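Letters go in sequence order (proteins before strands), and every chain restarts at 1. Just so it is clear, the structure is predicted and the values come from calculations on it, not from any experiment.
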Protein chains: 2
Amino acid sequence: MTAPDRSILKSLPMFAQLNDAELDKVAARAASRRLAPGSVVFGQGDAAEHFFVLVHGRLRVTQVTPQGEQIVVRMINPGDLFGLAKALRRSTYPGTSTAVVESLALSWPMTDWDAMVAHHPAFAASTIQTIGDRLQDAHSRIREMSTEVVERRVGHMVLRLAQQSGKREAEGIRIDFPISKQDLAEMTGTTLHTVSRILMAWEEAGLVDSGRQKLLVKDPHRLLLIADGLQPGLLG
Amino acid sequence: MTAPDRSILKSLPMFAQLNDAELDKVAARAASRRLAPGSVVFGQGDAAEHFFVLVHGRLRVTQVTPQGEQIVVRMINPGDLFGLAKALRRSTYPGTSTAVVESLALSWPMTDWDAMVAHHPAFAASTIQTIGDRLQDAHSRIREMSTEVVERRVGHMVLRLAQQSGKREAEGIRIDFPISKQDLAEMTGTTLHTVSRILMAWEEAGLVDSGRQKLLVKDPHRLLLIADGLQPGLLG
DNA sequence: CCGTGTCCTTGCGCTGGCGCAAAGACGGCG
DNA sequence: CGCCGTCTTTGCGCCAGCGCAAGGACACGG
């Protein structure tokens with residue numbers, strides 16, 4: 001919970017254009033926070049008292065419905081703004097943020113929000129872009145859930161994860177954080193069982209390699225064909 | 001396509017705080033456009049050369065998938081900003097906007113976008129709020145599509161429409177623009193047939209009154225119970 | 001090295017809601 | 001006023017994927 005170094009801020013796009021004096025001022029208001037895997041940054045329904053930037057690591061944002069079912073809203077990657085409840089005109093966080101690996105986040109009091117937006121156009125622009133990106137992502141998911149069968153939805157989600165958080169390896173693209181079948185199910189609106197069946201079928205066909213919380217995409221090209229419906233699915 | 005009056009701008013929240021000189025400057029850059037029902041403001045994939053505010057009327061935003069299936073992304077209500085491709089960092093519009101009733105929109109060249117965001121904090125804030133609202137809406141839809149059976153999804157959508165575009169009448173709340181079963185199906189990720197069956201069941205139970213492109217919610221309270229799963233559905 | 005908890009696989013039966021098909025009803029236009 | 005196009009209703013068969021249930025495997029801590 002100490003004030004962060006100026007250089008960490010400088011490496012973040014929304015602050016890149018600030019001069020040193022401005023950076024120090026912004027840094028002075030910030031707190032940095034180490035997050036062990038599994039630790040919760042904020043919970044759904046908590047009073048939204050801070051907004052955040054993820055410096056490194058990976059977070060998972062989830063929501064639970066009144067009926068107790070959980071969905072994964074998104075993954076947070078390094079450099080991302082999150083906890084922007086103010087931008088959504090909400091006084092509480094709409095979801096729960098949990099670290100999935102060792103992570104580091106910076107936080108500012110939400111009371112600084114309006115001043116940040118007003119005084120730093122790059123911050124305002126960054127917020128608009130962040131929310132804009134999420135909106136596009138959300139629309140893609142809606143379109144997929146409306147029009148695609150489960151196998152294609154899972155295909156698109158895996159490819160999206162590979163793109164956002166993939167690490168090139170000899171064998172293919174590795175999702176570089178632990179992800180369970182249950183997580184994938186909660187991202188695509190299906191069940192753990194169906195995801196397992198799909199990934200097993202893909203594995204037999206040599207498209208992916210999946211184990212306990214591990215996922216390696218071996219043949220992104222062929223997977224894309226299936227996801228786009230240009231090639232028949234492998235289930236059945 | 002004439003320049004709009006200053007007073008029209010003044011009535012829009014994102015410009016309410018501007019003084020007369022600023023209003024005139026903003027108005028000088030704008031064009032106003034009458035839209036007959038069925039006319040297209042911009043099409044999916046068109047170069048995003050303008051952004052808009054709807055003054056009055058109602059628009060429907062749709063997307064078609066590569067496979068040719070269509071979904072309804074949202075309805076645009078008076079006072080809404082739309083065509084914000086720049087905020088999504090896109091050079092083309094991601095969807096098609098069609099007037100469903102006689103409407104009036106103002107437009108600005110997209111080249112004015114950055115200046116508007118930079119010079120008018122209220123405009124930037126308004127954009128953030130607009131996109132933030134859409135994001136929340138999108139997440140609601142994702143959550144609903146992930147966890148709810150069709151009847152409840154349709155219930156939530158009908159109630160949302162009633163809230164956003166409902167007009168109190170003696171019998172109940174009327175959706176005050178023409179909406180087809182097909183539209184509802186494309187908003188909830190189901191088929192025209194299923195929507196028809198659901199509405200017929202609701203009609204028999206006295207919850208709604210639905211006809212050709214007409215929808216009247218007679219018992220919002222009981223409909224909410226069904227939508228929230230607190231009362232069993234009426235299908236089957 | 002063993003125990004325990006978590007995550008994953010797999011089989012089976014059931015059903016919500018889709019897809020197809022056809023007929024009916026409303027409303028606008030000539 | 002009658003025609004025609006669009007929107008809607010309704011029946012029926014089918015199957016993707018869910019729900020349940022049971023067994024297996026990997027990882028970690030003691």
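- Comparing Lys214(A) and Val149(A) along DNA chain D, the residue whose closest nucleotide (by nearest heavy atom) sits nearer the 5' end is Val149(A).
- Ring geometry for Phe52(A) against Tyr93(A) counts as tilted: the plane angle lies between 30° and 60°, on a 0 to 90° scale.
- Taking every side-chain heavy atom of Val150(B) into account, dG17(C) is the closest of dT8(D), dG19(D), dG17(C).
- OP1 or OP2 of dT9(D) sits under 4.0 Å from a side-chain N or O of Ser196(B).
- Classification of Arg174(B) and Glu169(B) as a salt-bridged pair holds, one side-chain N sitting under 4.0 Å from a carboxylate O.
- If you measure from atom NE2 of His193(A) to atom P of dA21(D), you get 11 Å, rounded to the nearest angstrom.
- Put simply, CD on Glu151(A) is 15 Å from C1' on dC15(D), counting in whole angstrom units.
- Ile198(A) places its CD1 atom 14 Å from the P atom of dT10(C), with the value rounded to the nearest Å.
- Close to dC18(C), at under 4.0 Å from its OP1 or OP2, lies a side-chain N or O of Thr190(B).
- Between the side chains of Gln63(B) and His139(A), no donor-acceptor pair is found at a separation under 3.5 Å.
- To the nearest angstrom, C1' of dC18(C) lies 19 Å from NZ of Lys181(B).
- Taking only side-chain atoms of Arg197(B), from C-beta outward, the nucleotide of dT10(D), dG19(D), dT9(C) with the closest atom is dT10(D).
- In terms of position along DNA chain C, the nucleotide closest to Arg212(A) lies nearer the 5' end than the nucleotide closest to the other residue of the pair Arg212(A) and Leu192(A).
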(request) Give the intermediate values and the outcome of side chain to side chain contact (heavy atoms under 4.5 Å, CB included) for residues Arg222(A) and Gln231(A). (result) CA-CA 8 Å; Arg222(A) 203 138 66 91; Gln231(A) 207 166 87; 3.4 Å; yes
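- For the pair Met145(B) CE and dG17(D) P, the interatomic distance rounds to 13 Å; values are reported in whole Å.
- Rounded to an integer number of Å, the gap from Asp183(B) CG to dT6(D) P is 15 Å.
- Glu203(A) places its CD atom 10 Å from the P atom of dT10(C), with the value rounded to the nearest Å.
- As rounded to whole Å, 12 Å separates atom C1' of dT6(D) from atom CD of Gln182(B).
- Put simply, Thr194(A) has no side-chain N or O that comes within less than 4.0 Å of OP1 or OP2 on dA16(D).
- With salt bridges taken as basic N to acidic carboxylate O contacts below 4.0 Å, one links Arg58(B) and Asp176(B).
- Distance from the side chain of Gln213(A) is smallest to dC7(C) among dG19(C), dT9(C), dC7(C).
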